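Numbers restart at 1 for each chain; the letters A, B, ... are given by sequence-line order, proteins then strands. For clarity, every value in this text was computed on a predicted model and none was experimentally measured.
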Amino acid sequence: MTPTFLLDTVVGPAPSLNLVDDIAGLLHYQFMRNAFEAGTIVAIVAGVIGYFVVLRGLSFAGHAVSHIGYAGATGAVLIGVAPLGGLLTFTVGAAMAMGFLGKRLWGRDVAIGIVMAFSLGLGQLFVTLYKGSGSTSQSNAILFGEVLGISRGDIVITLGISSVTLLLIGIFYRQLLFASLAAEVAEARGVRVQELGVVFLGITGLAVAQSVQVTGVLLIFALLVAPAAIAQRISTRPPYAIAISVVIAVLFTWTALTLAYYYGYPVSFFLTAIAFVAYLVTRAAGSTPAWMTRLRGRA
Amino acid sequence: MTPTFLLDTVVGPAPSLNLVDDIAGLLHYQFMRNAFEAGTIVAIVAGVIGYFVVLRGLSFAGHAVSHIGYAGATGAVLIGVAPLGGLLTFTVGAAMAMGFLGKRLWGRDVAIGIVMAFSLGLGQLFVTLYKGSGSTSQSNAILFGEVLGISRGDIVITLGISSVTLLLIGIFYRQLLFASLAAEVAEARGVRVQELGVVFLGITGLAVAQSVQVTGVLLIFALLVAPAAIAQRISTRPPYAIAISVVIAVLFTWTALTLAYYYGYPVSFFLTAIAFVAYLVTRAAGSTPAWMTRLRGRA
Amino acid sequence: METEGITELACLKNVGVRLGDRTIWSGASLCLAPGTVTAVLGPNGSGKSTLLRLLLGLVPPSSGKVQVLGRPPKHGSAAIGYVPQRSGIDPDLPVRGRDLVLLGANGTRWGWGLPGAASRRRHQLVDKALSAVGATAYANRAIGRLSGGEQQRLLLAQALVSEPRLLFLDEPLTSLDIRNQVVISQLVTNIAQERHIGVLMVTHDINPIMNVVDQVVYIARGRVAVGRPADIITTTALSELYDAPVEVVHDHRGRVFVVGLEAEVAHPHDHGSTGGNGR
Amino acid sequence: METEGITELACLKNVGVRLGDRTIWSGASLCLAPGTVTAVLGPNGSGKSTLLRLLLGLVPPSSGKVQVLGRPPKHGSAAIGYVPQRSGIDPDLPVRGRDLVLLGANGTRWGWGLPGAASRRRHQLVDKALSAVGATAYANRAIGRLSGGEQQRLLLAQALVSEPRLLFLDEPLTSLDIRNQVVISQLVTNIAQERHIGVLMVTHDINPIMNVVDQVVYIARGRVAVGRPADIITTTALSELYDAPVEVVHDHRGRVFVVGLEAEVAHPHDHGSTGGNGR
Amino acid sequence: GLAGGGNSTSGGQLSVVAAEAFWGSLATQLGGDHVAVTNIVSDPHQDPHDYESSPQDARAFASADMVILNGAGYDAWAQKLLDANPKDGRTVLSVAGMIGKQTSDNPHFWYSPTYVDQVADQITQNLKQLAPSDATYFTEQRTKFATALRPYHDLITSIRVQFGGTHIAATESVFNYMSDALGLQIISPPAFMRAISEGGDPPVSSAATFQDQIQNHQVKLLIYNTQTVTSVTTNLKQLAIAAGVPVVGVSETMQPANSKFQDWQYAQLTALQKALKLSPRG
Ligand SMILES: Nc1ncnc2c1ncn2[C@@H]1O[C@H](COP(=O)(O)OP(=O)(O)OP(=O)(O)O)[C@@H](O)[C@H]1O
Ligand SMILES: Nc1ncnc2c1ncn2[C@@H]1O[C@H](COP(=O)(O)OP(=O)(O)OP(=O)(O)O)[C@@H](O)[C@H]1O
Ligand SMILES: [Mg+2]
Ligand SMILES: [Mg+2]
Ligand SMILES: [Zn+2]
């Protein structure tokens with residue numbers, strides 16, 4: 001049955017074979033230009049932060065953060081303050097709580113799970129307390145962005161927060177790497193491993209919360225995990241792997257936006273499907289083959 | 001401002017000081033009796049499975065499963081088959097994919113994340129492809145249970161699936177424990193560690209998917225993680241820890257249902273709050289104190 | 001070696017092994033006989049642990065024929081006791097050492113494990129093994145919090161308690177104090193003889209097992225040499241093997257000690273370097 | 001020890017330490033002088049690793065006074081090189097060994113680390129350290145896939161490259177082949193003298209470091225004894241310490257070997273047990 | 001709009017529980033002082049991950065004499081609460097069941113003036129069955145309610161006469177029944193509207209088409225669901241404002257929550273009429 005559906009909904013403009021025309025067509029609409037711009041910024045940040053998220057096994061935290069912001073925004077609407085404030089407070093606060101409770105790899109997913117569950121429970125309470133006044137749609141609107149609904153103003157904010165995030169990662173880069181590779185040694189050498197974990201989760205929370213607001217939950221999460229995981233299979237040199245992760249994230253985003261433009265399916269479907277397939281291919285290839293080894297030798 | 005809200009919504013019947021009366025009051029409505037029964041069954045299963053989920057660091061997988069079932073149910077509605085079929089197919093399938101892709105602790109959260117993101121992306125696609133409206137409401141209805149909306153029929157199904165789950169855990173118990181404690185040794189001794197991981201994720205998927213259908217997402221997730229994490233801090237003997245985990249899970253459920261009945265807030269808020277506080281208390285206490293050490297010595 | 005035949009517990013015939021795109025070693029032929037202890041020696045990275053993993057069926061041979069307990073090894077075996085080189089036990093693992101040892105006895109079985117005669121017997125076995133490795137005192141504490149040597153001894157107890165027909169020990173004396181090095185190598189020999197099982201033991205330090213070894217496997221430079229200790233533990237043989245001057249000395253009781261000749265040792269690539277004189 | 005004074009790098013005065021609800025040891029007084037090597041010996045679980053963690057400020061003293069590099073230790077120190085007993089490196093860690101070593105040199109710094117003279121110098125230091133421990137050949141491979149001994153050498157290189165004033169090594173010779181045991185203990189001594197740093201090294205095997213040790217710390221039964229090797233490495237002193245008959249023998253070049261007297265060793269609780277004769 | 005704990009038949013009143021306040025408003029007006037109505041207002045667009053009924057809701061359902069549901073999967077939670085509390089003699093009015101609609105149909109039945117009248121009739125009939133002695137009272141109330149609805153019906157007729165056939169756009173499907181009644185033609189891409197109302201991602205091409213329709217003034221106005229707001233719909237709204245296309249907000253649930261059904265609808269329709277009059281070009 002599926003093929004019928006598939007053919008049925010191909011409603012986009014067909015790509016010509018002329019590259020210039022195609023690009024012009026793609027960028028004809030403001031919302032597509034905005035999507036490409038914001039998508040690229042988000043992809044760069046996700047590529048960088050994702051490297052550490054994957055290295056430290058923090059995908060769950062990366063996902064939990066997008067749930068948690070929801071509770072914060074709902075709570076903010078309830079007490080009548082700006083939802084964005086609630087979102088950021090809750091996200092960064094919960095990220096820090098996760099960091100404090102889950103120092104080591106083991107047991108950290110428990111800390112994340114319990115903090116997330118509690119945040120969701122609080123969100124539930126806020127919704128009950130605020131029943132009937134459209135609170136949730138208001139916080140929904142604040143929380144869940146859409147890559148096709150990005151305004152110029154969104155891009156400016158995204159650029160601002162992204163720069164801050166990248167700057168912070170730059171400052172903590174070497175200590176973060178040390179703590180991620182050999183926590184006990186790094187701690188002995190004076191790196192504040194636990195505090196760093198808390199700070200990193202805070203940074204991740206900030207980046208994810210603001211990206212969710214712009215591009216949506218799925219896009220940021222897929223970009224956070226898949227490109228970095230693939231890059232770590234291609235290069236064992238951290239700076240190279242981070243660069244590869246960024247390039248992959250940007251390519252994924254562009255490809256997904258382009259495919260979504262020409263075929264009438266959601267951007268997030270294309271992005272997650274590309275990420276999934278690319279990850280499978282890298283894993284299948286990663287077992288040994290010669291070209292990969294050569295690539296590894298170089299990168 | 002919050003206190004106003006809090007006082008405002010306390011509309012439940014006040015508990016008397018007579019225990020028999022209070023219990024009779026609590027169980028006066030069929031929906032409360034059903035909630036206690038199904039909640040207890042789910043708590044027992046969550047307590048047992050949760051022990052292994054926490055030991056193996058699989059909280060993320062436990063959470064991801066509830067997202068994934070959603071895509072399956074939507075897809076089933078799309079091709080016109082029973083949503084429950086889609087739910088179970090997707091859940092168990094995705095759990096197995098996670099198990100195959102993420103053999104070891106490291107990198108497993110990546111596998112979970114990517115499989116989850118792809119499932120969500122597919123869910124998006126199904127929503128887009130579905131011609132009529134109402135696919136989400138239809139799959140919502142199937143997917144997200146409510147602890148206060150449990151019918152007798154639900155209880156029978158829950159009891160059935162729960163028994164199967166517990167039976168399976170019983171069969172794999174020792175191998176699962178061996179693989180969780182010392183994977184390399186267990187593998188050398190002939191335990192099929194990877195296959196066992198896949199099977200366990202399948203069991204977890206089954207248990208979570210069916211509990212989500214009955215009691216809702218938050219309840220099962222909080223029950224899966226918190227009681228087991230607390231139990232592991234109380235006893236280092238697996239059978240005792242599992243028993244403690246079950247007792248805690250049941251107590252949490254009963255307490256949350258009772259509080260929710262007397263104060264008009266959602267059950268899941270009470271449950272997650274109790275879980276969060278209990279976990280914090282155990283952690284704070286767990287550092288050393290004498291009573292805990294004595295308890296550990298015994299249990 | 002010469003008595004190779006149907007009684008052998010495990011045999012390699014002209015076996016080679018590859019990991020990733022590297023050939024670790026090749027042309028290995030050896031057998032493990034019941035009641036004997038075989039020591040595996042060789043420089044770091046020569047492929048000693050890989051030999052064990054090959055015999056367990058966790059790594060496939062790239063050439064040659066491997067037979068373990070009558071068939072090609074596959075996915076491990078409940079009849080083999082194993083102590084890995086790296087325990088990989090998490091510091092926060094909330095389970096007693098005793099439970100890990102018990103799993104050595106019943107961890108490959110199906111089902112919950114009801115109480116009964118078999119269960120009681122296993123618990124007695126566990127107690128014996130714990131006592132034999134001197135771990136009784138800390139067996140009820142959470143295993144992750146134990147010291148390196150304490151964990152190592154629990155892993156040994158776990159392997160002993162499994163009633164194996166073969167025992168594969170990867171540097172089992174690592175982190176053990178001198179006294180326990182002696183106790184445990186003695187223990188392993190006794191078990192090999194009493195239970196008539198084959199023991200394969202990777203080690204760098206020949207001293208504690210010098211007089212208990214029946215066969216020595218040397219792995220170096222991609223080749224695998226097998227022989228009697230007396231033939232191989234000589235100044236000439238070892239110096240050649242390790243690519244370094246090694247002296248074999250004897251104390252007044254006639255026992256053998258292998259000593260690197262410090263004065264003559266220097267790193268081949270960087271003669272006399274101290275790794276940091278660039279400052 | 002007798003020259004205790006302002007030049008000491010680290011001093012303990014009557015220190016005790018508790019972990020959980022257990023007192024590990026107490027009454028320890030010792031100092032580490034620049035340019036000297038101190039060996040820490042003692043049975044499993046006696047608290048050797050705990051001593052290192054105490055000096056790093058990762059475990060607080062329960063009594064007494066600890067001074068490290070002029071102040072009470074807290075949260076580790078960039079001026080201390082450290083090799084832990086368990087590396088805890090994940091088999092799948094997708095990073096080169098070289099990068100871990102480089103982090104030994106710059107991993108405590110802020111910022112991204114721009115290329116420049118300082119960066120070039122650090123890369124040279126890394127190359128030297130890799131070559132000194134003989135790890136050049138595999139430094140560019142993913143660290144998780146390396147053998148135990150290869151990882152151990154990279155951890156050592158990481159500690160050496162940090163240009164420390166103190167070097168704390170917890171069983172650094174574990175998993176090393178004989179040749180590298182010699183190379184590396186020689187290396188550590190040279191570094192201690194050339195750079196005038198203090199080295200504290202936990203070990204069970206006294207042989208490879210016998211002639212390089214300036215001071216010995218014995219930890220056993222909750223007490224900590226400190227002295228010159230010649231005073232402590234005697235048959236009487238060691239036998240008493242280890243609660244087992246230990247013999248100190250000398251080879252024809254006059255070097256010292258400590259040998260457990262196997263014939264007389266048996267487990268105290270279970271005399272002559274082999275851990276499995278209950279079958 | 002918060003639900004009271006309304007326990008069973010108090011003081012001779014019938015207890016009616018409405019899953020949604022717009023149906024509850026009908027019941028309140030039709031039942032008069034012989035009926036105590038409890039509305040369970042819940043945001044239909046909440047992420048089901050984040051939705052849960054409270055014990056008061058459950059108690060209200062458990063002890064009601066009559067329950068009004070929208071049905072068609074719109075309030076599946078309410079069906080669950082009913083199933084959990086089987087009760088003899090409780091009348092359940094499912095709007096979807098009454099008019100024969102499925103889960104796959106557009107569930108916004110209260111935007112259809114025809115269905116509203118049918119539901120009102122059915123409520124009256126059910127009330128009479130529950131309290132036969134009050135039958136005449138309920139007949140009177142039905143007549144009163146018909147009078148109250150007259151301005152609403154008149155306005156619909158007047159808009160249809162004046163603007164029938166006009167092309168308009170809508171961000172999602174909430175207004176579809178009403179636009180049919182008004183003779184307005186929603187030409188927005190169905191895929192877009194579907195995605196928004198189902199909480200999905202709209203296809204890029206449908207967003208592009210939508211944008212073109214607004215910027216090229218192919219539509220006379222934009223109907224905007226103020227309760228399913230996403231950044232895409234916000235963007236379209238701004239685009240419409242910039243292009244001079246009037247935007248009319250409609251809400252899924254009653255605004256304000258304690259108003260009467262007909263007042264809420266009348267206000268929205270008035271705004272719509274005004275916008276149609278203002279709109280440039282025909
Ligand atoms: N999966 C793998 N892919 C590629 N190379 C590998 C892999 N696993 C191990 N190696 C390499 O194979 C070689 C042999 O490893 P092995 O662990 O068998 O050495 P070993 O003799 O036990 O060394 P050690 O004495 O240090 O324990 C090492 O150089 C190691 O880096
Ligand atoms: N967090 C903790 N709580 C309680 N006891 C602990 C903790 N950490 C370590 N111990 C115990 O303290 C004792 C000393 O441990 P330590 O690691 O210092 O021993 P060690 O001398 O290094 O032993 P080994 O030679 O085996 O490495 C051990 O018995 C260990 O089990
Ligand atoms: Mg090895
Ligand atoms: Mg130690
Ligand atoms: Zn989630």
What part of B:F118 gets within 4.5 angstrom of chain A, counting heavy atoms only: side chain, backbone, both, or neither? both
Considering only heavy atoms, which portion of A:L218 lies under 4.5 Å from any heavy atom of chain B: side chain, backbone, both, or neither? side chain
Taking atom types as modelled, is there a side-chain donor on B:T282 or B:R233 under 3.5 Å from an acceptor on the other? no
From B:F252 CZ over to B:L257 CG, what is the distance, rounded to the nearest 0.5 angstrom? 13.5 Å
Considering non-hydrogen atoms only, spot the tightest contact between B:A64 and B:I112 and give its length. CB-CG2, 3.8 Å
Might you point out which heavy atoms bring B:R283 and A:F100 nearest each other, and give the distance in Å? NH2-O, 4.2 Å
A:L58 portion near chain B, given a 4.5 angstrom heavy-atom threshold: backbone
Could you tell me which portion of B:L271 (side chain, backbone, both or neither) has an atom closer than 4.5 angstrom to a non-hydrogen atom of chain A? neither
